Trainee: 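Dumping the structure here so I can ask a few things about it.
Note that the coordinates shown come from a computational prediction; the quantities given were computed from them, not determined experimentally. The sequence lines fix the lettering, A, B, ..., with proteins before strands; numbering per chain opens at 1.
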2 protein chains.
Amino acid sequence: MRIIVADCEAEYTGRLLARLPRARRVIMVKADESVLIFSEAGAYKPLNWMAAPCRFRETRLDDEDQTVADTDGEDAAAEKSDVDADTDQPDIDMDADVDADTDQPVSILQATALKSSDALVIRLYRVYSDESFDLGREPGLVKDGVEDNLQHLLAEQIGRIGHGARLVRREFPTPVGPVDIMAVDGQGRHVAIEIKRHGGVDGVEQLTRYVHFLNEDSTLRPVRGMFAAQTITPQARTLAASRGFECLILDYDDMKKEGETDLTLF
Amino acid sequence: MRIIVADCEAEYTGRLLARLPRARRVIMVKADESVLIFSEAGAYKPLNWMAAPCRFRETRLDDEDQTVADTDGEDAAAEKSDVDADTDQPDIDMDADVDADTDQPVSILQATALKSSDALVIRLYRVYSDESFDLGREPGLVKDGVEDNLQHLLAEQIGRIGHGARLVRREFPTPVGPVDIMAVDGQGRHVAIEIKRHGGVDGVEQLTRYVHFLNEDSTLRPVRGMFAAQTITPQARTLAASRGFECLILDYDDMKKEGETDLTLF
DNA sequence: GACTTGAGTTGGTTA
DNA sequence: TAACCAAGTCAAGTC
């Protein structure tokens, strides 16, 4: 991971053109040669970037002889220093009085996609910091509490949709994608359940497609639709009602607790 | 913008739990106190983060007296150095032989959301670099959008939907939003066209809503639906067929070429 | 400010 | 590998 702080311009050409006027920004070059450009503004999305797989190339213009540093794929890591910072740039007097609009870039970074003509060109005018670090392998993120969890929990606690209900299967296949949960209610009718964390109209649309197709299957007909979520927007509620679907609010903490209780029974 | 390179653990609690085991990573703290955690892996999305508005708090444990550095909102920028790097950490011998699993963190970073109970806690075990930079104002990204080009091009080359077709208008209004293109085919029937770069089932749903409303207008009825995209997924194809819509694959390069040729005629 | 829609989406799972 | 779907999506535009 190389981290550069510099005054720069950037231009991305690919599916669109995206230009960044000259300003001070942070540039990250990852081990796979992908490049991200950040500013203080915005959320986690960089202003501009080049996704891997790509080729990264640097052309330095501040030496008497132009030098080209070109890291090539697998050798890139080897060329980087280990943990200790490897500061390439000497101190630069950022207060020097230089015409910001007419001076020349000291370095040009180019990242070009391997499988398309996408290109990101960054012109560096002043480099305030340029350090490389070997971060090593990322052990990975462990997540808990996403829709998948809700699905598993409701499948285990299918009684929450009504007394006497039993699970048919999760991810019940249809021609337009799998229904989150298929169950049978106390009266023996099939129930197709669409689960969302936050239920909006699109989720109701999704459920509508599923129920439509399922009701064309004479072995399943009639199929009830149920929209289950931790929160459901008023619009989704209205739409669900107009389609004849029931709504079910899921209490995640409660379900989680019950899930843990179930486990302790064995 | 503060950039920290450190061995760290992190845990996000909020809409979900997301835990990062101890590893070397890059931590960015922006001027608005939002926090991003990166590794070499992945694309531009950080492994974990806290979005603004939030409060950032640091507790240092490596001094004899615990010191708490607490930057509070508007004063945050003032406490940060100007451009020159402000390295808080002395050199650390990263090769020192320390039991990685039992030693204590040297610092704890906490970012808590102001309008929810979301919290991101980062425990730093070794700090390899810790520098702050004032990036100043971001002038902003300039995008030369090229993507509704498909819409413009198909409007100009409306014959692609069938011989004798003519354009009624782009962005034809309906109560549920504008249809990308309204046209009339060789037999005088109206054709509502939904355009996507990559056609999925949601696009077909969109088209369904439009056609449903348009067919309630006796001056337009009957309205054909057409789903046009550079690529269309099999499920979208199935759904479109079941709704009686035609699919049209758009060859962007070909359309672009024809568009340029048209221009040279004048 | 809430909602809708698209994104150079990114990321994960399954057929 | 391709397709589909969810995301702590983000971001822009509209109502």
Trainee: Sort out for me which residue in Arg123(A), Arg22(A), Arg19(A) forms a salt bridge (Lys or Arg N to Asp or Glu O under 4.0 Å) with Glu11(A).
Mentor: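 Result for salt bridge (Lys or Arg N to Asp or Glu O under 4.0 Å) with Glu11(A): Arg19(A).
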Trainee: Could you state the CD-C1' distance from Glu194(B) to dT4(C), rounded to the nearest angstrom?
Mentor: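 Nearest whole value for this atom pair: 13 Å.
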Trainee: Could you state the NZ-P distance from Lys196(A) to dC5(D), rounded to the nearest angstrom?
Mentor: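 These atoms are roughly 9 Å apart.
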Trainee: Using a 4.0 Å heavy-atom cut-off across all strands, classify Gln151(A) as base, sugar-phosphate, or nothing.
Mentor: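 Here Gln151(A) touches no strand at all.
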Trainee: When you measure from the side chain of Tyr210(A), which nucleotide among dG6(C), dC5(D), dA3(D) comes out closest?
Mentor: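 It is dC5(D).
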Trainee: Side chain of Thr233(B) only, heavy atoms from C-beta on: which candidate in dG6(C), dC4(D), dC5(D) is closest?
Mentor: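 Output: dC4(D).
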Trainee: Just checking, any donor-acceptor pair under 3.5 angstrom between side chains of Gln151(A) and Arg170(A)?
Mentor: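 Yes - a donor-acceptor pair under 3.5 Å links their side chains.
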Trainee: Please determine whether the number of non-hydrogen atoms from other residues, nucleotides or ligands lying under 6.0 Å from atom CZ of Arg166(A) exceeds 12.
Mentor: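 Result for CZ/Arg166(A): open.
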Trainee: Given that Tyr12(B) and Pro178(A) both sit by DNA chain D, which one's nearest nucleotide is further toward the 5' end?
Mentor: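 The 5'-side residue here is Pro178(A).
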Trainee: For Leu47(A) and Val201(A), take the nucleotide of DNA chain C holding the closest heavy atom to each; which residue's nucleotide lies nearer the 5' end?
Mentor: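 Going by which nucleotide is closer to the 5' end, it is Val201(A).
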Trainee: Examine distances only and state if a side-chain atom of Lys30(B) and a backbone atom of Ser39(A) form a donor-acceptor pair shorter than 3.5 Å.
Mentor: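 Present.
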Trainee: Rounding to an integer number of Å, can you tell me how far Ile195(A) CD1 sits from dA6(D) C1'?
Mentor: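 Value for this atom pair: 13 Å.
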Trainee: Are a donor atom and an acceptor atom from the side chains of Arg209(A) and Gln206(A) found within less than 3.5 Å of each other?
Mentor: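 No pair is found: no donor N or O on one side chain lies under 3.5 Å from an acceptor on the other.
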Trainee: Roughly, in whole Å, what's the span from CG in Leu16(B) to P in dA6(D)?
Mentor: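 To the nearest whole Å, that distance equals 16 Å.
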Trainee: Taking any heavy-atom pair under 4.0 Å as a contact, classify Pro234(B): base, sugar-phosphate, or nothing.
Mentor: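 Touches sugar-phosphate only.
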Trainee: Are any of Gln206(B)'s side-chain N or O atoms less than 4.0 Å away from OP1 or OP2 of dT4(C)?
Mentor: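 Checking Gln206(B) against dT4(C): no side-chain N or O falls below 4.0 Å of OP1 or OP2.
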Trainee: Whole angstrom is fine here: how far is it from NZ in Lys30(A) over to P in dT10(C)?
Mentor: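 Value for this atom pair: 11 Å.
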Trainee: To the nearest angstrom, how far is Leu36(B) atom CG from dT10(C) atom C1'?
Mentor: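 It is 15 Å, rounded to the nearest whole Å.
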Trainee: Round to the nearest Å and state the distance from Glu205(A) atom CD to dC4(D) atom P.
Mentor: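 My rounded result for the distance is 18 Å.
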Trainee: Whole angstrom is fine here: how far is it from CG in Leu207(A) over to P in dA6(D)?
Mentor: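 Nearest whole value for this atom pair: 12 Å.
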Trainee: Base, sugar-phosphate, or nothing for Asn48(B), non-hydrogen atoms under 4.0 angstrom?
Mentor: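 Base contact.
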Trainee: Would you indicate whether the side-chain heavy atoms of Ile193(B) and Ile195(B) approach each other to under 4.5 Å?
Mentor: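 SC-SC contact between Ile195(B) and Ile193(B) confirmed.
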Trainee: If you look at every heavy atom in Ala23(B) and Pro139(A), which pair is closest and at what distance?
Mentor: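 Heavy-atom minimum between the residues: CB-CD, 3.4 Å.
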Trainee: What does the B/S/- profile of nucleotides 9-15 of chain D look like, 5' to 3', with a 4.0 Å heavy-atom cutoff to protein?
Mentor: SSS----
